[in-house]
Amino acid sequence: MSSLVVDLVLCGFAYVVLIYFVATMTKSKISRRGNNNDDGDGGIEDFTPPKIDLPPGVIWPADGPKAKTPSDPLEV
């Protein structure tokens with residue numbers, strides 16, 4: 001066998017072994033302590049939206065005037 005064939009076979013074998021180790025290391029762990037539906041990220045859950053600092057004169061639509069007063073008609 002030529003050295004090219006031996007190199008290709010060894011590289012293919014190393015590739016298969018590498019893929020096997022990557023697949024086994026990244027497999028999610030199966031917890032047998034019960035079904036607690038915990039995603040495991042921890043921390044305190046805070047679902048409030050962040051307070052964004054707006055430039056002067058800009059307001060959120062929800063903070064705008066609640067009742068519209070009809071304006072006087074314009075005469076042209």
Decide whether [X] and [Y] are clustered together by the hydrophobic rule: side chain heavy atoms of Ile, Leu, Val, Met, Phe, Trp, Tyr closer than 4.5 Å, transitively.
| X | Y | answer |
| --- | --- | --- |
| L18 | F21 | no |
| V22 | Y15 | no |
| I52 | I59 | no |
| V6 | V9 | yes |

To the nearest 0.5 Å, how far apart are CG in L10 and OG in S3? 11.0 Å
